[in-house]
Amino acid sequence: MPSGRSPVVPERPSLDGLEQKWSEAWERDGCYRFDREAPRERVYAIDTPPPTVSGSLHVGHVFSYTHTDTIARYQRMRGSEVFYPMGWDDNGLPTERRVQNYYGVRCDPSVPYNPDFKPPEKPPENEPIPISRPNFIELCLQLTETDEQAFEELWRGLGLSVDWSMTYTTVGTLAQRISQRSFLGLLARGEAYQLEAPTLWDVDFQTAVAQAELEDRERPGAMYRVRFRGAESGAEALVDTTRPELIAACVALLAHPDDARHSGLVGGEAVTPLFGTRVPVLTHPLVDPEKGTGLVMVCTFGDVTDVVWWRELGLPVRPVLGPDGRLLDVPWGTPGWESEDLERARSSYAELAGSTVNQARKRIVELLRDAGELVGEPEPVTHAVKFFEKGDRPIEIITSRQWFIRTIEQRDALIERGRELKWHPPYMRARYEDWVQGLAGDWCISRQRFFGVPFPVWYPIDASGAVAHDQPIAASVDELPVDPSTDVPDGYAADQRGAPGGFIGDPDVMDTWATSSLTPQIAGHAGEDRELFEKVFPMDLRPQAHDIIRTWLFTTILRSHLDHDALPWSNAAISGWVLDPDRKKMSKSKGNVVTPIHLLEEYGADAVRYWAASGRPGTDTAFDPQQMKVGRRLAVKLLNASKFALADLPPEGEQVTHPLDRAMLARLAEVVAEATSSFEDYDYARALERTEDFFWWYCDFYLELVKGRRYDGHPEVTGSVSRALRLSLSVFQRLFAPFLPFVSEEVWSWWQAGSVHHARWPEAAEIAAAAADAERNGERMALEVTADVLREVRKAKSQARRPMRAPVRRVVVRDTAQRLRALELGSDDLVAAGAIESLERVEDEAFAVEVELAPEPPR
RNA sequence: GGGCGUGUAGCUCAGUUGGCCAGAGCACCUCGCUUACACCGAGGGGGUCGCCCGUUCGAGUCGGGCCGCGCCCACCA
């Protein structure tokens, strides 16, 4: 490694201020700017996860984004032109919720726009202020902008080598255009469709949600045994249920086909208690005869299994739940709502109508008990209930009109795509396959919300005022983005909105994942900037955490598969979570979140990155400030070792001639090879560990051993060590650059031109060449034996409670002939480093060292 | 219920195709201000490698079976 210029080393090197100094310099010099003129083969494109800006900043972000950054920096040093944009996920429910709480408002689409609206200084205590949809969206944009600044500040402080000129947002105009364009393509190809069907529904947010957004939560409940009766026989038919409030919605009773206990009922009808409604008694193989009485009631709709039965058995619907989670009024006596005792049905149901599910359940149990239709006492159970992951009450299944993307028919193709993808670590693919195998239905992408990308369609209204949902009017591609609630479709006038013979806009917005699933296309400006897109797509890397494989990773593959018939990227690097020291996932609700800005201030960015980069790919890692201290120590060490090697360094010789110098380089070459192959395998943690491990050894042994020669003053002695120091140091500085970008840049700047982050990643072969024939000549062994003896000498001094520089009168080394010969090669450095007056060698079977210290000088 | 991962010193973790008395860092103890570094250095104590079988000359490493922990998935009435 030729030195760029003579080193300028500070008197007292320090980490203080390096973050600011270098992040400003990188920004000024455009260090991480993507060069779009680079040829396609050289481009390495990263599909950065856009963080949800309305969420909190936490150490988990620092953790996984550091992993990606080490890869980006490695690739850049390998000569790749790295495409590394940042995105902000500001679209969707988290932002809406945050705006509601922050300003004390709620969106009411019926309120007209008020251009002068200003949110109150303090949110009102009781009722939120209803505001128009455009006003609400303005507030969303306003708040996310400040959130985005906070994130950018964190990322810059952490030293992410992002090209900040390419930042996008998921609700921005570009994202809206790309999202709508993709949707129109799906619509035209029949891959998106609209359907009125049972839908997973959150009663608080009052929107449809997708299967991927569900989670199970253990909840206490009770099992109620309820008496139905055979319609003809009057025989009792006992049914166990956890949802008695849905008895009025019952459309059938089911038994297993082989269950003899209920054969008398099967084929006939049963009558519901309280409501006197006749329902058929049928069989279905999914019924588990082991559960309860073996007889199960099918409702509209108690859970997803009810939907399966409804669909497969062609059952009618009898909906009782409204979108707000309260029981609807029901027209008893009309078709579908017949009863053997209408008066009783009406009076019973009147007790329930308008109440929430929980209230209704409580009340109906009382009614059943009073009527003697409750058998025995309710049995308390704890059962898993499905919740919307962001919701507070269980999911209901409610029939509504929604947009879907055809997913099920792609199942096999998607699994195949998953196999084409290189997963890091590989076992993460299993989660993807599990998920794809388990898909229950097509992906519901419409949400009855406000802050998101609207569907670019309108519907004609016929003369009678009916909306023709089956004849959507698609926006034309060159008009995008459109907001159908304000824009007018071609061929219509604005005043025809909502009028017979006119049109109406689709009221919904797309699910946030429906846009986030297009991040490679958004970042690459698909359909907008063909040259750029073709350069970066398909991308090289999708980094993300394992909890969103079923959402982000899966949907991105799906969209790319449908729109481009390709994988969106060739590699997926899956990172783990940060756990608190008790091994619990860090989360805001648990109150165990540590603010990352504080960490950066206390330990420094390099130290925090060191901790993050120690977390192996895919592995959950404990939050550990201790590791940050270690990282800081390492950064300081690099500073000091660089100072030692470079300050007043004598001129280098033509060749590395000393056996110990060559042996060190031979080992260094191996470390480089290992770090490189680890990085190629996306195992940044291993690359760091190997580098760090050898670096400490290098400081503790090699640097100590060569000190004498380094200060010797005779060029024929210093030439080799000087050359070896330059080479090794430049290698270490480059090896650490992806992990400790600030201190690496600092020490690099002392003696090299240009940024270390654009320096060439070290080549093992090159270093091995400088090490010449270290292996064959026994020089490797020389370094080992020399270090072994030095350790023994140190031990003797330490145990004698003497300083390390204390002179040693005599050292006797017993060892094999081969090792003794090797020792000879390094003995000049050894006697200097150990202050040894006489070094004797005795051939022996086993290694042993006698150390005779010089007498302690009188005080 | 199915699957994936994991279990090595008090803590955080290495241990790559089985091979010399099982390693590192932190923490702890002792010593040392030696001209790169006291934001340091040198040294030390500490482990039946979750448990039980098996394969092998030899197993932390391979096979089988348990147990613990974490996560993912599931049609958990």
Side-chain angles (χ1 to χ4, degrees), chain A residues 9 12-16 216 218 223-224 239-243 246 254 284-288 291-299 302-309 381-386 425 427-438 440 546-547 549-550 576-577 579 581 583-585 604 607 611 614-616 618-624 626-627 629-630 632-647 674 677-678 685-686 689-690 692-693 696-697 699-700 703-704 707 710-711 790-806 833 835:
Chain A
V9 182
R12 285 196 65 78
S14 161
L15 297 179
D16 296 339
D216 286 349
E218 290 288 328
M223 187 67 77
Y224 304 90
V239 170
D240 279 3
T241 179
T242 54
R243 302 206 63 180
L246 295 180
L254 298 185
H284 193 278
L286 239 56
V287 178
D288 183 354
K291 278 185 183 150
T293 61
L295 206 54
V296 58
M297 73 170 183
V298 184
C299 302
D303 63 24
V304 288
T305 320
D306 280 353
V307 179
V308 172
W309 285 324
V381 291
T382 302
H383 57 155
V385 183
K386 292 206 182 302
Y427 60 76
M428 286 293 177
R429 199 188 73 202
R431 299 200 183 190
Y432 172 84
E433 287 198 6
D434 272 7
W435 174 253
V436 179
Q437 294 286 11
H546 53 61
D547 56 331
I549 289 174
R550 67 178 187 171
W577 278 333
L579 308 175
R583 298 253 120 204
K584 295 280 185 300
K585 187 193 174 189
W611 159 75
S614 311
R616 306 200 87 81
T619 308
D620 293 347
T621 301
F623 173 71
D624 189 0
Q626 207 58 54
Q627 282 299 107
K629 288 186 186 168
V630 175
R632 190 172 173 85
R633 249 164 45 94
L634 178 62
V636 170
K637 197 75 174 174
L638 185 59
L639 221 44
N640 288 315
S642 298
K643 179 189 167 192
F644 165 74
L646 296 176
E674 204 169 358
S677 67
S678 299
R686 188 182 175 90
E689 189 203 61
R690 294 310 141 107
E692 185 200 9
D693 188 56
W696 282 108
W697 181 92
C699 291
D700 293 344
L703 291 187
E704 291 299 327
K707 237 175 215 175
R710 186 207 182 289
Y711 290 117
L790 181 60
R791 192 180 288 111
E792 293 300 318
V793 172
R794 285 171 173 170
K795 186 194 257 184
K797 292 179 181 180
S798 186
Q799 285 172 350
R801 307 190 158 195
R802 301 284 301 277
M804 284 301 125
R805 63 165 175 196

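By convention in this document, chain letters (A, B, ...) are assigned in the order of the sequence lines, proteins followed by strands, and residues within each chain are numbered from 1. These numbers were taken from a predicted model, which means no experiment stands behind them.
- Here Val630(A) lies in heavy-atom contact (under 4.0 Å) with sugar-phosphate atoms only.
- Listed by chain and residue number, Arg802(A), Leu853(A) satisfy the side chain to side chain contact (heavy atoms under 4.5 Å, CB included) test with Ala800(A) (two or more places apart in sequence, or in another chain).
- Val630(A) has its side chain within reach of Glu692(A): a pair of non-hydrogen atoms, C-beta onward, lies under 4.5 Å apart.
- Taking atom CG of residue Asp434(A) and atom P of nucleotide A74(B), one finds them 8 Å apart after rounding to whole Å.
- The main-chain N or O of Glu674(A) is never found under 3.5 Å from a side-chain atom of Arg690(A) such that the two would form a donor-acceptor pair.
- When the C1' atom is used for both G64(B) and A27(B), the distance is 39 Å, rounded to whole Å.
- With C37(B), C39(B), G43(B) as the choices, the nucleotide that has an atom nearest any side-chain atom of Ser798(A) turns out to be G43(B).
- Spacing between C66(B) and G7(B) at atom C1', rounded to whole Å, works out to 14 Å.
- When the C1' atom is compared between U8(B) and U48(B), the two are found 12 Å apart, to the nearest whole Å.
- Rounded to a whole angstrom, the distance from the P atom of G50(B) to that of G68(B) is 16 Å.
- Using a 4.0 Å heavy-atom cutoff across all strands shown, Gly292(A) reaches no nucleic acid atom at all.
- Using C1' as the reference atom, G41(B) and A36(B) are 12 Å apart when rounded to the nearest Å.
- Arg805(A) pairs by the side chain to side chain contact (heavy atoms under 4.5 Å, CB included) definition with Pro803(A), not counting sequence neighbours.
- U34(B) and A42(B) have their C1' atoms separated by 11 Å, with the value rounded to a whole Å.
- Nearest to the side-chain atoms of Leu286(A) among the listed nucleotides G43(B), C75(B), A36(B) stands C75(B).
- What separates CG of Asp620(A) from C1' of G7(B) is a distance of 15 Å, to the nearest Å.
- Electrostatic pairing of Lys707(A) and Glu704(A) counts as a salt bridge here, judged by a charged N lying under 4.0 Å from a carboxylate O.
- Across G32(B), A27(B), C40(B), the shortest atom-to-atom separation from the side chain of Lys637(A) is found for C40(B).
- Separating the CE atom of Met223(A) from the P atom of A77(B) is a distance of 6 Å, rounded to the nearest angstrom.
- Between Lys386(A) and Asp216(A), the closest side-chain pair of non-hydrogen atoms falls below 4.5 Å.
- Applying the side chain to side chain contact (heavy atoms under 4.5 Å, CB included) test to Lys291(A) and every residue at least two apart in sequence or in another chain returns Asp288(A).
- The CG atom of Leu639(A) sits 12 Å away from the P atom of C37(B) (whole-angstrom rounding).
- Considering only the side chain of Arg633(A), G25(B) comes nearest among G25(B), A77(B), G44(B).
- Using N1 to N3 plus N6-O4 or O6-N4 for Watson-Crick, or N1-O2 and O6-N3 for G-U wobble, each under 3.5 Å, G63(B) pairs with C53(B).
- Nucleic acid contact for Met297(A): none, since no nucleic acid atom lies under 4.0 Å from a heavy atom of the residue.
- Arg550(A) has a side-chain polar atom (N or O) that falls below the 4.0 Å cut-off from OP1 or OP2 of C73(B).
- Across all strands shown, Trp309(A) has heavy atoms under 4.0 Å from base atoms, whether or not it also approaches the sugar-phosphate.
- Comparing the P positions of C28(B) and G10(B) gives an interatomic distance of 16 Å, to the nearest angstrom.
- Note: CZ (Phe644(A)) to C1' (U35(B)) measures 10 Å, nearest angstrom.
- Rounded to the nearest 0.5 angstrom, Glu792(A) CD and Arg794(A) CZ are separated by 11.5 Å.
- Counting only heavy atoms from C-beta on, Glu704(A) has its side chain closest to A36(B) among A42(B), A36(B), G25(B).
- When heavy atoms are screened at a 4.0 angstrom cut-off, Arg801(A) is found touching the sugar-phosphate backbone but no base atom.
- Checking C75(B), C40(B), C4(B) against every side-chain atom of Tyr427(A), the shortest atom distance belongs to C4(B).
- Among the atoms of the strands shown, none is found under 4.0 Å from any heavy atom of Cys299(A).
- Put simply, the side chain of Asp620(A) gets close to the backbone of Trp577(A): a donor and an acceptor are under 3.5 Å apart.
- Comparing C72(B), A36(B), C26(B) by their closest approach to the side chain of Tyr711(A) singles out A36(B).
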Let me have the donor-acceptor pairs involving side chains of residues 634-646 of chain A, under 3.5 Å, with sequence neighbours excluded, atom names and distances please.
{"unit_1": "Asn640(A)", "atom_1": "ND2", "unit_2": "Val636(A)", "atom_2": "O", "d": "3.2"}
{"unit_1": "Ser642(A)", "atom_1": "OG", "unit_2": "Leu638(A)", "atom_2": "O", "d": "2.6"}
{"unit_1": "Ser642(A)", "atom_1": "OG", "unit_2": "Gln733(A)", "atom_2": "NE2", "d": "3.1"}
{"unit_1": "Lys643(A)", "atom_1": "NZ", "unit_2": "Glu11(A)", "atom_2": "O", "d": "3.1"}

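- The side chain to side chain contact (heavy atoms under 4.5 Å, CB included) check on Ser798(A) picks up Met804(A), with sequence neighbours excluded.
- As the counterpart of G46(B), no nucleotide is assigned, since no Watson-Crick or G-U wobble pattern has both distances under 3.5 Å.
- Using N1 to N3 plus N6-O4 or O6-N4 for Watson-Crick, or N1-O2 and O6-N3 for G-U wobble, each under 3.5 Å, C40(B) pairs with G32(B).
- Residue Met804(A) has its side chain nearest to A42(B) when only A42(B), C13(B), C73(B) are considered.
- For Arg802(A) and G43(B), the shortest distance from a side-chain N or O to OP1 or OP2 is not below 4.0 Å.
- Taking the P atom of each, C29(B) and C71(B) are spaced 36 Å apart, rounded to whole Å.
- Comparing A77(B), G43(B), A14(B) by their nearest atom to the side chain of Thr241(A) picks out A77(B).
- Within 4.0 Å (heavy atoms only), Gln627(A) reaches no atom of the nucleic acid at all.
- Base contact: Lys707(A) has a heavy atom under 4.0 Å from a base atom.
- In this structure, Val287(A) reaches the bases: a heavy-atom distance under 4.0 Å links it to at least one base atom across the strands shown.
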Provide a list of protein-nucleic acid N or O atom pairs under 3.5 angstrom, restricted to nucleotides 16-19 of chain B.
{"unit_1": "U16(B)", "atom_1": "O2", "unit_2": "Arg686(A)", "atom_2": "NH2", "d": "2.8"}

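- Judged by Watson-Crick or G-U wobble contacts below 3.5 Å, the nucleotide A27(B) has no partner.
- Using a 4.0 Å heavy-atom criterion, one finds that Lys795(A) contacts the sugar-phosphate atoms exclusively.
- The interatomic distance linking Asp303(A) (CG) with A77(B) (P) rounds to 6 Å, in whole Å.
- Of the candidates G44(B), A36(B), A42(B), A42(B) carries the atom nearest the Asp700(A) side chain, counting heavy atoms from C-beta on.
- One atom, CD of Glu692(A), and another, C1' of C26(B), lie 12 Å apart when rounded to the nearest Å.
- Contact between the side-chain N/O atoms of His546(A) and the OP1/OP2 oxygens of C71(B) is not found at any separation under 4.0 Å.
- Looking at heavy atoms from C-beta onward, Met297(A) lies in side-chain contact with Cys299(A) at the 4.5 angstrom threshold.
- One atom, CZ of Arg805(A), and another, C1' of G41(B), lie 13 Å apart when rounded to the nearest Å.
- Nucleotide G5(B) forms a pair with C69(B), judged by Watson-Crick or G-U wobble geometry with both contacts under 3.5 Å.
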